[in-house]
Amino acid sequence: MVHPSAPEAPVVAPAAVFDWLDETAEQRARAGLTRTLRSRPAEDPVLDLAGNDYLGLTRHPAVTRAAADAALRWGGGATGSRLVTGTTALHTELEGELADFCGVEAALVFSSGYTANLAALTALTDPDTLIVSDAYNHASLIDGCRLARADVHRAPHSDPAAVAAVLAERTRRRALVVTDSVFSVDGNAARLPELALAARSSGAALLVDDAHGLGVLGPGGAGALAAADLAGAPDVVATVTLSKSLGSQGGAVLGPRRVIRHLTETARTFIFDTGLAPAAVGAALGALRLLRAEPHRADRAREVARTLAARLAAAGLHASRPDAAVVSVRAPGPEAAVVWAADCRRAGLAVGCFRPPSVPDGISRLRLTARGDLTDIQIAEAVGIIASCAPEGAALAG
């Protein structure tokens with residue numbers, strides 16, 4: 001049988017291969033979605049409410065000294081994957097102390113919170129698994145769901161009843177409910193007790209990304225699972241970052257010992273990734289020990305968040321009511337949000353600028369980190385700058 005000849009592919013000159021990137025960049029610019037990198041100096045006079053240093057530990061002498069000591073003793077890198085040469089005694093210490101602090105059986109440290117989420121979702125599911133994921137979950141959880149090869153259902157935001165209804169109709173053998181503990185855009189907390197009940201009623205497991213809860217929620221900052229009385233539960237797994245409250249870098253999965261063993265032996269982002277650098281491990285360990293010695297830091301972070309939100313609302317702005325240490329202020333649109341954030345920086349305040357597609361509801365915002373080391377004078381300064389730089393329509397946004 002004679003097949004018709006396939007059409008010849010158009011010949012593209014080497015210089016034109018990536019012309020389509022310029023076209024998409026222009027489309028983003030027209031939509032007000034251009035993103036740029038900004039290098040910051042080591043000593044920045046700008047008041048920082050943009051980063052995720054919730055407890056103000058990144059520059060704490062105990063943390064920086066622990067990082068320096070670890071680098072001097074163990075070297076600049078881990079030298080290999082965790083299963084080859086990338087596990088130092090420091091990694092083991094951190095995992096043990098992190099598990100003890102959070103009230104779980106075991107912990108496994110990764111090079112980032114992103115890789116920890118990918119590991120948990122891909123290693124704990126298969127094609128015979130139903131994943132029920134909150135609509136506002138972080139991008140790393142969304143990517144993990146895409147890679148999991150499972151049946152994924154996107155549930156309405158913060159709706160345990162909807163989750164229970166999906167689980168009741170499931171046909172897959174296993175099920176996993178996935179949620180952030182604190183959603184990074186508005187700072188609202190998930191309804192973990194109700195989600196756990198919905199999961200258990202259907203024999204499903206619960207996976208909680210506690211990136212924004214560790215160090216802020218729970219007794220002494222032990223995290224959202226401790227706050228919800230779920231720490232150590234045999235059907236609950238948590239992921240955390242070491243780059244927020246602990247002021248370092250990296251991530252971890254926390255949970256039952258058999259879950260951690262399974263991830264150690266099967267999770268691709270653990271097996272094929274170089275271990276976290278010793279300096280980052282040392283810094284996280286130093287910060288964790290400091291938090292355990294000074295548990296009031298978690299309370300202070302929440303207090304600062306509530307104060308920021310109340311004063312911004314009193315200034316006539318649409319500020320979120322924080323459950324942890326994230327406060328957001330709605331902007332009239334993406335371009336207005338960019339200008340607002342830039343004006344704040346020129347006035348001496350760094351704030352986050354969240355626009356589509358980073359925000360699941362399409363509403364642009366300024367995002368503020370309520371650091372536990374902020375003074376009352378700094379809080380007043382921040383509120384004054386944000387209010388004075390607010391664009392027209394900000395008070396009516398949302």
Side-chain angles (χ1 to χ4, degrees), residues 32-60 182-188 211-212 215-216 243-245 247 297 300-356 358-359 363-398:
L33 300 178
T34 297
R35 287 164 166 79
T36 57
L37 295 174
R38 179 188 294 109
S39 297
R40 61 179 174 87
E43 301 298 331
D44 194 344
V46 173
L47 177 60
D48 180 18
L49 268 68
N52 292 317
D53 188 15
Y54 292 139
L55 304 182
L57 297 182
T58 297
R59 291 178 175 271
H60 193 285
V182 177
F183 295 91
S184 62
V185 174
D186 278 333
N188 61 305
H212 300 277
V216 178
S243 57
K244 296 180 174 62
S245 288
R297 289 179 177 271
R300 176 59 181 169
R302 297 195 302 273
E303 178 187 359
V304 170
R306 291 191 296 267
T307 302
L308 274 172
R311 293 186 182 180
L312 288 166
L317 299 173
H318 194 300
S320 64
R321 297 180 60 183
D323 290 325
V326 174
V327 179
S328 71
V329 187
R330 292 194 180 188
E335 293 181 357
V338 173
V339 173
W340 195 358
D343 288 346
C344 285
R345 174 170 281 276
R346 280 189 289 271
L349 176 69
V351 295
C353 180
F354 277 33
R355 300 165 288 158
S358 299
V359 286
I363 299 174
S364 298
R365 298 163 170 83
L366 299 187
R367 179 185 180 276
L368 317 177
T369 298
R371 292 196 343 248
D373 64 335
L374 291 180
T375 65
D376 291 339
I377 292 175
Q378 289 173 318
I379 295 172
E381 178 187 354
V383 172
I385 291 174
I386 294 168
S388 65
C389 294
E392 183 179 353
L396 303 176

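For the single chain, residues carry numbers from 1 onward in sequence order.
Minimum interatomic distance between A319 and L312 (heavy atoms only, all atoms of both residues): CB-CB, 3.9 Å. Scanning all heavy atoms of the two residues, the minimum distance from A309 to P322 falls at CB-CD, 3.5 Å. In terms of heavy-atom proximity, A315 sits nearest to A387 at CB-CB, 4.2 Å. V185 approaches S328 most closely through the heavy-atom pair O-CB, 3.2 Å.
With sequence neighbours excluded, the residues that form a side chain to side chain contact (heavy atoms under 4.5 Å, CB included) with T34 are A29, T36. Residues passing the salt bridge (charged side-chain N to carboxylate O under 4.0 Å, His left out) test with D186 are R365, sequence neighbours excluded. Partners of R40 by side chain to side chain contact (heavy atoms under 4.5 Å, CB included), not counting sequence neighbours, listed by chain and number: D44, R59. With sequence neighbours left out, the salt bridge (charged side-chain N to carboxylate O under 4.0 Å, His left out) criterion links D53 to no other residue. Under the side chain to side chain contact (heavy atoms under 4.5 Å, CB included) criterion, R35 pairs with L33, R355, P357, S358, sequence neighbours left out. Contacts of R302 classified as salt bridge (charged side-chain N to carboxylate O under 4.0 Å, His left out), with partners at least two apart in sequence or in another chain: D299.
Considering only heavy atoms from C-beta on, V329 stays 4.5 Å or farther from V351 through its side chain. L374 is listed as a side-chain neighbour of L47, based on a closest heavy-atom distance under 4.5 Å. Side-chain contact between L55 and H60 is absent, with no heavy-atom pair separated by less than 4.5 Å. By the 4.5 Å heavy-atom criterion applied to side chains, D323 and V182 are not counted as neighbours.
Within the structure, salt bridge (Lys or Arg N to Asp or Glu O under 4.0 Å) contacts touching residues 336-345 (residues at least two apart or in different chains) are D343-R346. Listed by first then second residue, pairs satisfying side-chain hydrogen bond (donor to acceptor under 3.5 Å, both in side chains) with a partner in residues 306-316 number zero, not counting sequence neighbours.
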Side chains of residues 375-383: which donor-acceptor partners sit under 3.5 Å, not counting sequence neighbours?
from: T375; atom 1: OG1; to: Q378; atom 2: N; distance (Å): 3.1
from: T375; atom 1: OG1; to: Q378; atom 2: OE1; distance (Å): 3.4
from: Q378; atom 1: OE1; to: T375; atom 2: N; distance (Å): 2.9

Return all side-chain donor-acceptor pairs below 3.5 angstrom for residues 332-341, not counting sequence neighbours, or 'none' if the list is empty.
from: W340; atom 1: NE1; to: I386; atom 2: O; distance (Å): 3.1

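In this structure, the separation between CG on L57 and CZ on R371 is 10.5 Å, given to the nearest 0.5 Å. Distance check: T369 OG1 to N52 CG gives 5.0 Å after rounding to the nearest 0.5 Å. R297 contributes atom CZ, which lies 11.0 Å from atom OG of S245 (distance to the nearest 0.5 angstrom).
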